Amino acid sequence: TRRTGGETRKKQIKTSYEMIHTKLFSLILTAVCLLSCSSGSGNTPVAPGEPGGGEPERPVQNYVTIEPEVQSTAVSVVIGYEVRNLEELKNPGCGVCWNTAGNPTVSGMHQDGPALLSTSREMKQVISNALLEYGQTYSFRAYVRSGAKVYYSDEVKGALGREPEALTFNWTPVTSSALPSSVSVYKTTDPLNGHAFNAWYAVADLSQGEVEVKVNIPPTLQTIDRQAAADAKCCVLVNGAYFLTTTTEGTNLGLSVVNGKEYGRVSDYRGSLRPAHPEYDTYYPATRGIFGVDHSGRPAVYWVGGLSVNYYFERPLPSLIGEELYAPVSVSLPAPASAWLPKYAVSAGPVLLYDGKCPFDFTLTGRGEEYYLHNYEMIPYDIFNAGVSPDRTAVGYTADGKVILFVCDGCYAQSGGATLTELAMIMKGLGCVGAVNLDGGGSTGMMVGDEHVNDITTGGNRAVKSTIGFYRK
């Protein structure tokens with residue numbers, strides 16, 4: 001029998017409804033699948049700058065997982081995470097991002113991690129208090145980058161531990177006809193943590209226009225007495241950078257800047273200077289602390305590094321002895337470089353204070369001797385060690401722009417010196433918001449006019465390669 005036209009139209013309408021129903025059901029299933037893949041644990045790729053999920057281009061893989069427990073120290077938060085399936089990604093990178101609101105992404109605060117190798121698996125990253133505030137709880141996520149895609153882990157919470165307290169003393173003025181009104185010198189003999197202690201500091205108010213900060217690098221190794229006597233405008237002078245004595249000329253280590261000209265560079269450093277130590281033959285990229293003044297006389301503290309160009313940073317490269325190596329310091333690592341242009345500057349390290357906070361302590365990673373969590377600057381064991389308290393020299397500045405030069409005696413009965421953490425808290429007690437440790441031990445010395453004020457009877461007053469001081473204009 002032949003169907004009528006009405007029956008044919010009814011069948012066509014029914015078929016159309018069935019097709020529409022099938023397509024709607026398919027769309028609903030796709031939407032449900034996409035929503036189920038948008039959680040952090042699935043590592044769905046997200047374009048940088050986007051806070052939410054994204055459409056996966058392949059079956060979702062788990063590229064990064066974060067350890068649920070963070071390690072909080074007085075100066076950092078330590079994040080552990082694991083990377084995997086890296087062979088599926090092109091030129092992958094990793095790191096940690098954080099904020100206080102939750103769901104952090106790389107468009108906000110973040111720190112790129114060590115360079116990833118085909119063998120990379122368990123990662124450890126230290127987030128310095130240079131990037132965190134005390135009293136705040138943060139959300140952290142680890143990430144893996146690949147091109148324009150970023151894969152995130154789940155979130156964990158963490159916060160800094162208790163902030164170390166400043167050390168204060170009773171200070172007695174030191175009078176000298178060599179000092180202009182904008183420069184003052186003080187001395188203390190108050191004990192430090194139970195032992196005898198002799199220390200001096202000089203403070204200069206550069207805003208009065210009488211004096212300026214200068215760095216000197218003489219052609220040969222010279223005592224600070226000789227360097228001070230070479231310029232009648234010198235008011236106060238202390239020793240400066242680390243140096244080598246392999247020649248009579250000496251070799252300044254790190255970077256110094258004299259009248260805008262750079263001398264030296266911060267290189268990669270051995271994990272240990274002990275030949276028997278497992279890290280002796282491993283060289284770690286690093287940044288080191290530098291203090292200086294720009295052409296307007298404004299003081300500042302930065303970290304400096306770079307293999308062929310000196311770059312200045314507002315954070316350290318958080319290298320960890322015994323862990324994965326970071327890529328070499330560059331204009332963008334550990335962060336975009338600052339445009340700072342110092343007129344005079346001297347590097348040594350470590351940074352004692354940055355933004356009023358001490359960025360290191362002597363917490364160990366658990367791998368053994370010298371495996372510190374916070375020796376980012378790869379400072380040698382005879383300087384960076386909880387049990388070392390020699391003569392010390394430091395330079396810093398206060399919130400209102402005054403510059404402070406500090407020395408203390410050590411290693412003899414009348415003065416037991418200071419550890420690096422004690423030195424940092426002393427500088428904080430003097431009102432510094434930024435400070436850097438300079439060379440110490442037998443190099444430590446302070447000249448006030450033509451008087452050498454600290455002890456030189458126990459092997460001090462060593463000939464040095466560089467000095468920093470206050471000079472009349």
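Here the structure is a predicted model, which is why all the values come from computation and not from measurement. All values below come from the heavy atoms of this structure, side chains included, with hydrogens, waters and symmetry mates left out.
- At least one side-chain heavy atom of Glu262 sits less than 4.5 Å from a side-chain heavy atom of Leu255.
- Between Pro318 and Gln111 there is a side-chain heavy-atom pair separated by less than 4.5 Å.
- Contact annotation: the side chain of Ile383 approaches that of Tyr242 to within less than 4.5 Å [non-hydrogen atoms, C-beta and beyond].
- At most 12 non-hydrogen atoms from other residues, nucleotides or ligands lie less than 6.0 angstrom from CZ of Arg226.
- Salt-bridge formation is detected for the pair Arg274/Glu369: a Lys NZ or Arg NE/NH1/NH2 atom is positioned less than 4.0 Å from an Asp or Glu carboxylate oxygen.
- A donor-acceptor distance shorter than 3.5 angstrom exists from the side chain of Ser153 to the backbone of Ala142, with no hydrogens or angles considered.
- A donor-acceptor pair shorter than 3.5 Å can be found between the side chains of Glu370 and Ser272.
- Inspection of the Ser139 and Lys157 side chains reveals an N or O donor paired with an N or O acceptor under 3.5 Å.
- Taking the ring axis of Tyr354 as reference, the NZ or CZ atom of Arg315 does not stay both within 45° of it and closer than 6.0 Å to the ring centre.
- In this structure the side chain of Thr282 reaches within 4.5 angstrom of the side chain of Leu325, judged on heavy atoms.
- Considering CD of Gln71 and OG1 of Thr365, their distance stands at 9.0 Å, rounded to 0.5 Å.
- Screening Ile66, Asp154, Val96, Thr105 against Arg141 for a side chain to side chain contact (heavy atoms under 4.5 Å, CB included) leaves a single residue, Thr105.
- Taking 4.0 Å as the cut-off between side-chain N and carboxylate O, Lys357 and Glu163 do not count as a salt-bridged pair.
- Aromatic ring centroids of Phe360 and Tyr372 lie 6.0 Å or more apart.
- Among Thr223, Asp455, Asp225, the one residue that satisfies the side-chain hydrogen bond (donor to acceptor under 3.5 Å, both in side chains) test with Asn461 is Asp225.
- A centroid separation of 6.0 Å or more is found between the aromatic rings of Tyr302 and Phe291.
- Residues Leu221 and Val464 are not in side-chain contact: their nearest non-hydrogen atoms beyond the backbone lie 4.5 Å or more apart.
- In this structure, His110 has its ring center at least 6.0 angstrom away from the ring center of Phe140.
- Residue Lys233 places its NZ atom among 12 or fewer non-hydrogen atoms of other residues, nucleotides or ligands, all under 6.0 Å distant.
- Within the model, atoms CG of Leu131 and CG of Asp355 stand 10.5 Å from one another, a figure rounded to the nearest 0.5 Å.
- In this structure the side chain of Val304 never reaches within 4.5 angstrom of the side chain of Tyr311, judged on heavy atoms.
- Residues passing the salt bridge (Lys or Arg N to Asp or Glu O under 4.0 Å) test with Glu451, sequence neighbours excluded: none.
- Side-chain atoms of Asn216 and Tyr471 include a donor-acceptor pair closer than 3.5 Å.
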Practice task
Please report the C-alpha distance between Arg472 and Glu212 in whole Å, then the side-chain angles of each, then the deciding distance to 0.1 Å, and finally whether the salt bridge (charged side-chain N to carboxylate O under 4.0 Å, His left out) criterion is met.
Solution key: CA-CA 6 Å; Arg472 295 179 185 269; Glu212 61 181 331; over 6 Å; no

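- Listed by chain and residue number, Asn239, Thr444 satisfy the side-chain hydrogen bond (donor to acceptor under 3.5 Å, both in side chains) test with Thr393 (two or more places apart in sequence, or in another chain).
- In this structure, Leu373 and Leu320 approach most closely via the heavy-atom pair O-CD2, 3.2 Å.
- Under a 4.0 Å N-O distance rule, the pair Glu165/Arg162 qualifies as a salt bridge.
- Atoms OG and CD1, on Ser76 and Ile127 in that order, are 8.5 Å from each other to the nearest 0.5 Å.
- Taking Tyr263 as the reference, nothing meets the side-chain hydrogen bond (donor to acceptor under 3.5 Å, both in side chains) condition, with sequence neighbours excluded.
- Side chains of Ile468 and Leu405 form a contact here, defined as non-hydrogen atoms less than 4.5 Å apart.
- Here Glu422 does not pair with Arg392 in a salt bridge; the nearest charged N to carboxylate O distance is not below 4.0 Å.
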Practice task
Carefully, step by step, assess Phe362 and Phe384 under the rule ring pair (Phe, Tyr, Trp, His ring centres under 6.0 Å).
Solution key: CA-CA 8 Å; Phe362 299 114; Phe384 194 94; 4.9 Å; yes

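- Looking at residues two or more places apart in sequence or on another chain, you find no salt bridge (Lys or Arg N to Asp or Glu O under 4.0 Å) involving Lys124.
- Atom-to-atom distance recorded for Leu420:CG and Asp361:CG is 11.5 Å, nearest 0.5 angstrom.
- Judged by distance alone, with hydrogens and angles left aside, the side-chain atoms of Tyr138 form a donor-acceptor pair with the main-chain N or O of Glu133 at under 3.5 Å.
- Atom CG of residue Asp400 and atom NZ of residue Lys402 lie 3.5 Å apart, to the nearest 0.5 angstrom.
- Annotation: ring-ring contact (aromatic ring centres under 6.0 Å, His included) contacts involving residues 182-232, sequence neighbours excluded, comprise Phe169-Phe197, Trp171-Tyr201, Tyr186-Tyr201.
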Handout entry: Intermediate values then yes/no, side-chain contact (heavy atoms from CB on, under 4.5 Å), Val150 and Val144
Key = CA-CA 6 Å; Val150 184; Val144 167; over 6 Å; no

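- Contact check on Asp281 versus Arg270 returns a salt bridge, with a Lys/Arg side-chain nitrogen under 4.0 Å from an Asp/Glu carboxylate oxygen.
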Practice task
Take Glu210 and Lys473 through the test salt bridge (charged side-chain N to carboxylate O under 4.0 Å, His left out) and record every step on the way to the result.
Solution key: CA-CA 6 Å; Glu210 286 184 303; Lys473 288 187 175 179; over 6 Å; no

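- The two residues Gly95 and Tyr81 make their nearest non-hydrogen contact at N-OH, 3.6 Å.
- Applying the side chain to side chain donor-acceptor pair (under 3.5 Å) definition to pairs two or more places apart or across chains, those involving residues 376-389 are Trp303-Glu377.
- In this structure a side-chain-to-backbone donor-acceptor pair under 3.5 Å is present from Asn129 to Cys358.
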